[in-house]
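For reference, the structure is listed below as structure tokens.
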Amino acid sequence: MNNLSIDDLLSSQENEALDFKQEYPSTNSDLIHDILNLANSITDSDRYLVFGVQDNKNICGIETDNKRKSIANIITILRSARLNKIPKISLKTICFQNHEIDILIIKNEDEKPYFLTEDYTSNGRPLRAGAIFSRVADTNTPVNSTTADHIVEKMFYERFGFKLTPKEKLFKYLHELQMWSYGYNENGNLYFFHERFPEFTIVAKDQDFSESYVEPWSINFPDKNSKRRDFFVKYNGTILDNLTLIWLDGTRGKRIQPYRVDIQKDDTYYLSYYYVENSLDHLVNKMIQKCYPDTGHQRRLEKLFPSFKSHEDAEKILNEDFAKELKEYTWYYFNKKDDDFIIIESGKEWKIFWKR
């Protein structure tokens with residue numbers, strides 16, 4: 001539950017991210033009002049609307065509540081309210097002390113403020129279009145009011161990304177694959193830039209394009225010549241990071257250099273390669289393939305380089321895979337007798353036929 005258990009919630013006091021309710025509201029307007037207050041709160045965590053718990057933490061449950069809602073019911077209610085944008089929500093049911101507790105989880109996103117674009121009324125309880133509600137400490141903005149302007153200012157400050165560091169913005173913009181383009185600067189070097197925010201660039205270092213690169217995966221192509229090119233990741237003139245782009249198959253293919261797992265068995269080292277999901281290398285690699293594709297190599301290279309959630313996951317999964325007789329992932333090793341690299345793929349082994 002987003003790393004929070006029911007014990008964590010019950011040990012906390014009501015605040016900007018947590019609201020306890022004995023039961024579901026009697027009107028849809030009140031439910032919408034509760035959700036908007038939490039969705040618009042200024043806090044760095046997800047938000048929790050907990051049904052079946054009294055303010056004093058007494059567990060009463062909602063198993064007999066005839067107003068109880070499913071996640072489908074709640075989403076339908078929010079759609080009927082004509083919001084400018086519907087918050088991302090999920091609903092979890094927990095069995096605790098012989099009772100059922102519903103926890104509505106509202107994701108923390110930089111889309112605030114959420115508000116109604118049309119007036120809405122349910123059972124005589126009106127909500128006004130344009131009014132912005134927000135939870136401050138343990139108190140909701142009343143339905144006949146709107147939150148203070150300095151809180152609204154913080155919402156837009158967050159929406160426009162002003163609270164993010166340049167590197168945090170870069171990671172956000174790298175998910176916008178359609179917004180990236182490439183070109184060549186005055187020195188003839190390849191670079192990539194975000195079309196709306198061109199101060200973010202990924203630029204080849206000034207160097208001769210002649211540095212050879214040899215890894216087993218990089219020579220497993222008809223043309224075994226591969227080159228490496230180092231790139232700076234920049235915000236205006238500031239270097240945020242750097243990475244390496246490998247040109248393959250006589251420059252017909254390309255990939256950001258992947259990570260590697262080494263496993264020693266007897267006197268032989270076995271190698272497998274991977275990316276970490278949403279790492280800089282992984283995101284830049286996806287961006288480059290989108291705006292500067294090498295379609296002839298796409299499918300094969302995607303198979304060669306699986307992505308994992310973390311380095312720890314990669315180590316664990318690939319080590320487990322290596323122990324299997326029929327390996328699911330691609331492995332390489334150097335056969336001293338044949339003086340060649342061997343690839344293990346789809347349960348088969350064959351030589352790469354590379355000579356130093």
Side-chain angles (χ1 to χ4, degrees), residues 1-81 83 85-116 120-127 131-143 147 151 155 158 309:
M1 192 199 309
N2 294 11
N3 299 322
L4 278 180
S5 67
I6 186 63
D7 291 322
D8 293 328
L9 295 175
L10 292 176
S11 65
S12 303
Q13 298 299 317
E14 288 191 318
N15 52 46
E16 290 91 347
L18 178 61
D19 191 5
F20 292 115
K21 298 291 182 183
Q22 178 173 327
E23 57 188 4
Y24 278 81
S26 57
T27 71
N28 292 344
S29 293
D30 288 341
L31 178 60
I32 295 167
H33 179 248
D34 288 335
I35 292 173
L36 288 177
N37 273 283
L38 280 170
N40 284 331
S41 66
I42 305 300
T43 180
D44 288 331
S45 68
D46 290 342
R47 301 93 201 280
Y48 303 89
L49 187 55
V50 183
F51 300 103
V53 179
Q54 297 172 339
D55 290 343
N56 61 5
K57 309 291 183 66
N58 180 50
I59 309 298
C60 55
I62 40 74
E63 58 271 11
T64 61
D65 185 359
N66 59 13
K67 303 181 297 299
R68 188 178 185 181
K69 305 288 191 298
S70 67
I71 187 64
N73 296 148
I74 296 172
I75 291 174
T76 298
I77 291 169
L78 291 175
R79 285 175 176 166
S80 70
L83 301 180
K85 186 176 180 66
I86 295 178
K88 287 186 178 178
I89 60 173
S90 59
L91 186 66
K92 304 290 185 183
T93 299
I94 305 295
C95 293
F96 189 77
Q97 295 183 2
N98 298 319
H99 287 291
E100 291 183 2
I101 298 171
D102 279 356
I103 305 171
L104 184 68
I105 304 168
I106 306 168
K107 293 293 294 181
N108 180 33
E109 295 194 298
D110 56 1
E111 300 290 342
K112 296 181 281 293
Y114 300 94
F115 54 87
L116 279 71
Y120 178 89
T121 301
S122 174
N123 294 344
R125 296 279 288 174
L127 291 174
I132 298 177
F133 308 114
S134 182
R135 188 171 174 83
V136 178
D138 61 352
T139 304
N140 288 342
T141 304
V143 294
T147 195
I151 296 177
M155 295 181 197
E158 183 176 330
K309 292 183 179 179

Out of curiosity, [X] [atom1] to [Y] [atom2], how far, rounded to the nearest 0.5 Å?
| X | Y | atom1 | atom2 | result |
| --- | --- | --- | --- | --- |
| I62 | E100 | CD1 | CD | 5.5 Å |
| N37 | D19 | CG | CG | 8.5 Å |
| T43 | N15 | OG1 | CG | 7.0 Å |
| I101 | I94 | CD1 | CD1 | 8.0 Å |
| T27 | N123 | OG1 | CG | 6.0 Å |
| S90 | D46 | OG | CG | 8.0 Å |

Considering only heavy atoms from C-beta outward, does the side chain of [X] approach that of [Y] to under 4.5 Å?
| X | Y | result |
| --- | --- | --- |
| L104 | D34 | no |
| I35 | I74 | yes |
| I105 | Y48 | yes |
| F20 | L10 | yes |

Neighbour count above 12 (heavy atom, 6.0 Å) for [X] [atom1]:
| X | atom1 | answer |
| --- | --- | --- |
| K309 | NZ | no |
| N98 | CG | no |
| R68 | CZ | yes |

Donor-acceptor pair, [X] side chain versus [Y] backbone, under 3.5 Å?
| X | Y | answer |
| --- | --- | --- |
| T141 | S134 | yes |
| E16 | A137 | yes |
| R135 | N40 | no |
| S29 | R125 | yes |

Checklist entry - How about T76 and N73: does a side-chain donor come under 3.5 Å of a side-chain acceptor? => result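 On atom types as modelled, these side chains do not qualify, holding no pair under 3.5 Å.
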
Next on the checklist: Side chains of N108 and R47 only: does a donor on one sit below 3.5 Å from an acceptor on the other?
Outcome noted: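 Indeed, the side chains of N108 and R47 share at least one donor-acceptor pair under 3.5 Å.
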
Item to check | I103 and its side chain to side chain contact (heavy atoms under 4.5 Å, CB included) partner, picked from L9, L91, V53 | outcome: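 It is L9; the other options fail the test.
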
Next on the checklist: Applying side-chain contact (heavy atoms from CB on, under 4.5 Å) to K21 and D102, what does each step give before you reach the verdict?
Outcome noted: CA-CA 10 Å; K21 298 291 182 183; D102 279 356; over 6 Å; no

Heavy-atom closest contact ([X] atom, [Y] atom, distance):
| X | Y | result |
| --- | --- | --- |
| F115 | A131 | CB-O, 3.6 Å |
| L38 | L18 | CD2-N, 4.0 Å |
| P87 | I106 | CB-CG2, 4.1 Å |
| S26 | D30 | OG-OD2, 4.5 Å |

Checklist entry - Mind checking what makes side chain to side chain donor-acceptor pair (under 3.5 Å) contact with E63, not counting sequence neighbours? => result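 Partners of E63 under the side chain to side chain donor-acceptor pair (under 3.5 Å) test: H99.
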
Checklist entry - Which ring-ring contact (aromatic ring centres under 6.0 Å, His included) pairs, counting each pair once, include a residue from residues 51-70, with sequence neighbours left out? => result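 As it turns out, the ring-ring contact (aromatic ring centres under 6.0 Å, His included) pairs with a partner in residues 51-70, which skip direct neighbours, are Y24-F51.
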
Checklist entry - What pairs with E111 under side chain to side chain contact (heavy atoms under 4.5 Å, CB included), at least two apart in sequence or on another chain? => result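 Listed in chain order: K85, E109, Y114.
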
Item to check | Criterion side-chain contact (heavy atoms from CB on, under 4.5 Å) on D55 and E14, from CA distance to verdict | outcome: CA-CA 8 Å; D55 290 343; E14 288 191 318; 3.6 Å; yes

